[in-house]
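Since the structure comes first, as structure tokens, the remarks are kept for the end.
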Amino acid sequence: MRQLFRVLAAVVLLFFILAAIAPNLLAPFDPLAIDPAAAFSSPSAGHVLGTDESGRDIYSRIIHGARPSLLIGAMATAIGLGIALVLGTIAGFGGRWLDFGIGRILEVLFALPGLLLALVFIALAGPGVTTTVIAVGITAAPGYARIIRGQILTLRSSPMVEAATVLGRSRFHVLRVHILPNALAPIGVLATLGLGQAILWAASLSFLGLGSPPPTPEWGAMLSAGRTYLSLAWWMTFFPGMAIVLVAAAATVLGRSTKFGGVR
Amino acid sequence: MNEQQAIVEVKNLSVSFGGSKVVKDVSFTVRAGECLALVGESGSGKSVTARSLLGLAGPGSTVTAETLTVAGQDGRSLSQRSWRTLRGKEVGFILQDALTSLDPLRTVGKEIDDSLRLHTRASGATRATRVMELLEAVGLDDPERRAGQRSGELSGGMRQRALIAAAIALDPQLIIADEPTTALDATIAASIMDLLGTLRQAGSGVLLISHDLAAVAKVADTIAVMQAGHIVERGTRDQIFHDPQHPYTRALLAAVPAGKPRFVKLSPTEEASSQVHTRDSEQKVTAAEDAGGEAGAVVRPVLSARKLSKSFAKGKHATFMAIKDVSFELLPGRTLGVVGESGSGKTTTARIVLGLLAPDAGAVELFDEPWSSAREVDRRSRRSQLGAIYQDPLSSFDPRLSVGSLLADAVSFGATRNPRSHAARITELLQMVGLDAEMSGRNPATLSGGQRQRLAIARALAPQPRVLICDEPVSALDVSVQAQVLDLLDELQQRLGLSYVFISHDLSVVRHMSDDVLVMRAGQVVESGATERIFTSPRHDYTRALLAASPLVGTQESGGGL
């Protein structure tokens, strides 16, 4: 059963990754081609997932939307990890006062709801894809930073580090060669889990009109556009929403199943 | 005694997991008031044998037997339900690790009450009285208070007693104890064994399981030696100890370090007989001169500690004195044994000597130069003179590194972890500790306990140190593997002229390995001197108590005739 879920998740993720790399391979229509005559057609043989208010093919738009959506998620996760690595390492290895200072900053960030934090950043920096990516990255960072700090603290007092000290290794050498690589092993798994979350957040921001501008085929923006016509054309919201759910769920399932890989 | 009714009768018991048979045609009986010990190395099938008597052989196991009678019931056809009744009522089971066997969130009293509650109809008040009786019977002081405590608040010995109390709550006919004292200090282990002896005299049958022949010597009437799933020899205690027939039994007996002089091989060698490597006194002086640098001068210690003290904060205001005024000297080519129970400050001393912890007062000198007072930056270049091995070697290895990478890192002083860059030296090191050069590519986690400790020794020797600090290096190993590692340390000392600080809670091991001994208790050195003097005429009461508690020390000479 679990095996089946894993295979399904891998298939789903591979499909969307392929869509992100070569959308033309999978999409029958141009995602931006307007066809007013075919506006609001329900799912049919011609348009498998229906069309939107301008007659654009929903399926093709979802396929073409994979690239911006996945890219925003992946970039945001990478930025979050980068910030977290710096903060977590300084907190875990820089001594008591730095640890205390960074700990309080992280707690303040934790106290604010993630999306609100991202909104504040966007309000300051202005809307757009780049700001969305950075905003989501900042939102994800405190969680990762906490975990990296904890990992480093545990490893710092481990017998392995003691043995390296007895062999005459410097603090920096121990950090670089023994602590960081071991601290990052479980982080890789967390990042897979976080990817789904980041995609959700990015979609939410686009839904609020703060991410990709229309008519870019981005899933969150598509949701937002379909919202107005929810009673008239449910497929405009339902299928982009499904795409988000599928990717987020698949990333989570895969992340969980690799949880114990690489860590003893 | 043969009149007594048999509580356990096992005939041709076999247990297999999948295709592999781990217990093969084992037969034995345990009568009331009798103690049978199953002795063998890890993997010999002794635990699985004991567990099949409880219907707990494990998932995926196939148990077959001609006879398998436990407390009058045929174990071959019991339902899960009947097994449960049998386990609680007729058979008490005591495991090695009392910490994991007790629920950390429940009080000891509740844990013991469980079996009473589940198997009897006694009222709450009756049960509470019985719990007090039990706690007192197993020798716990202040039963009222203990019953309200949780396992985390008890010491290892107290936990084991609590577990025994739970096991004997319903006066079982049979008590199965699987390595009940392996994790305990000598004096506490001795008292637990005494407790099992008392229960046996009260009429219970006891099945004792251990890897250590010496540990069971005190209570076992009959000993069955297991190897690779077979019982290879059985006999009364005296037969096994004084007239062992099977070569494996002899190897196990030889592995017991108690009473064996220094440099007598503990593990079987290719030579026909084990040879006594008497130390050439001239050779010792030469080694000393090398270290001291001056011919004919007084032998200078390689390592000396003067009045070391260290305390730790305990709570807000209290401090805990971990060690106080610990002084010693380690002479070149010699071994200083440090013995004491857990909490006696042995490891704190080792950490100060290794420069991992700064002493509050006192100083350590290495080769006549300040060591503990030096700055780490200045100390770093001299660290190669001082190596260390630990009780749990695996945790001291970076889990990402293979055997070869670990050694490459140590050989190159951290410059590289590529095993190919120092292939010749890595092979040499592996051979020096008796490991196969082909192991270079393996992950240390896949090695056995003995192999891991050999690897740790190889890594410690890579920077060519003159002094090795060994902190409980064999405590986690089976007796026979322990013998091999001790032999290796002996051999390396003679070959390389190393000096050892050898820390252990096991007196017989320390006696076998050391030239001089330091006895520690509660952070202080209570007695120190030449090994033989300490062991033959101890001056301090505590040393005498330790010696009395240690199994077989001094009585083993007759059994050592290999």
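Throughout, protein chains are lettered first and strands after them, A, B, ... in sequence-line order, and every chain is numbered starting at 1. Model, not experiment: these values are computed from the prediction.
Contacts from residues 404-418 of chain B to chain A, taken as heavy-atom pairs separated by less than 4.5 Å, involve B:D409, B:A410, B:F413, B:G414, B:R417 in sequence order.
No more than 12 heavy atoms of other residues, nucleotides or ligands lie within 6.0 Å of CZ in B:R375, so this atom counts as exposed by the packing criterion.
Sequence neighbours left out, the pairs with a member in residues 70-99 of chain A that pass salt bridge (Lys or Arg N to Asp or Glu O under 4.0 Å) are A:D99-A:R149.
Proximity to chain B involves both the backbone and the side chain of A:T165, based on heavy atoms less than 4.5 angstrom apart. For B:L401, the part lying near chain A is the side chain, with the backbone staying farther off; criterion is any non-hydrogen pair under 4.5 Å. When heavy atoms are compared at a cutoff of 4.5 Å, A:H178 approaches chain B by way of both its backbone and its side chain.
When all heavy atoms of A:M160 and B:P399 are compared, the pair lying nearest together is SD-CD, 3.5 Å. Nearest heavy atom pair, residue A:A163 against residue B:R459, reads CB-NH2, 3.3 Å. Residue A:V177 comes nearest to B:R400 through the heavy atom pair O-NH2, 2.9 Å, listed as atom of the first residue, atom of the second, then distance.
Between A:E162 and B:R351 there is a salt bridge, since at least one side-chain N of the basic residue sits less than 4.0 Å from a carboxylate O of the acidic one.
Between A:P159 and B:D392 there is no side-chain heavy-atom pair separated by less than 4.5 Å.
Heavy-atom pairs under 4.5 Å with chain A were tallied for B:L354, B:I469, B:L356; the largest tally goes to B:L356.
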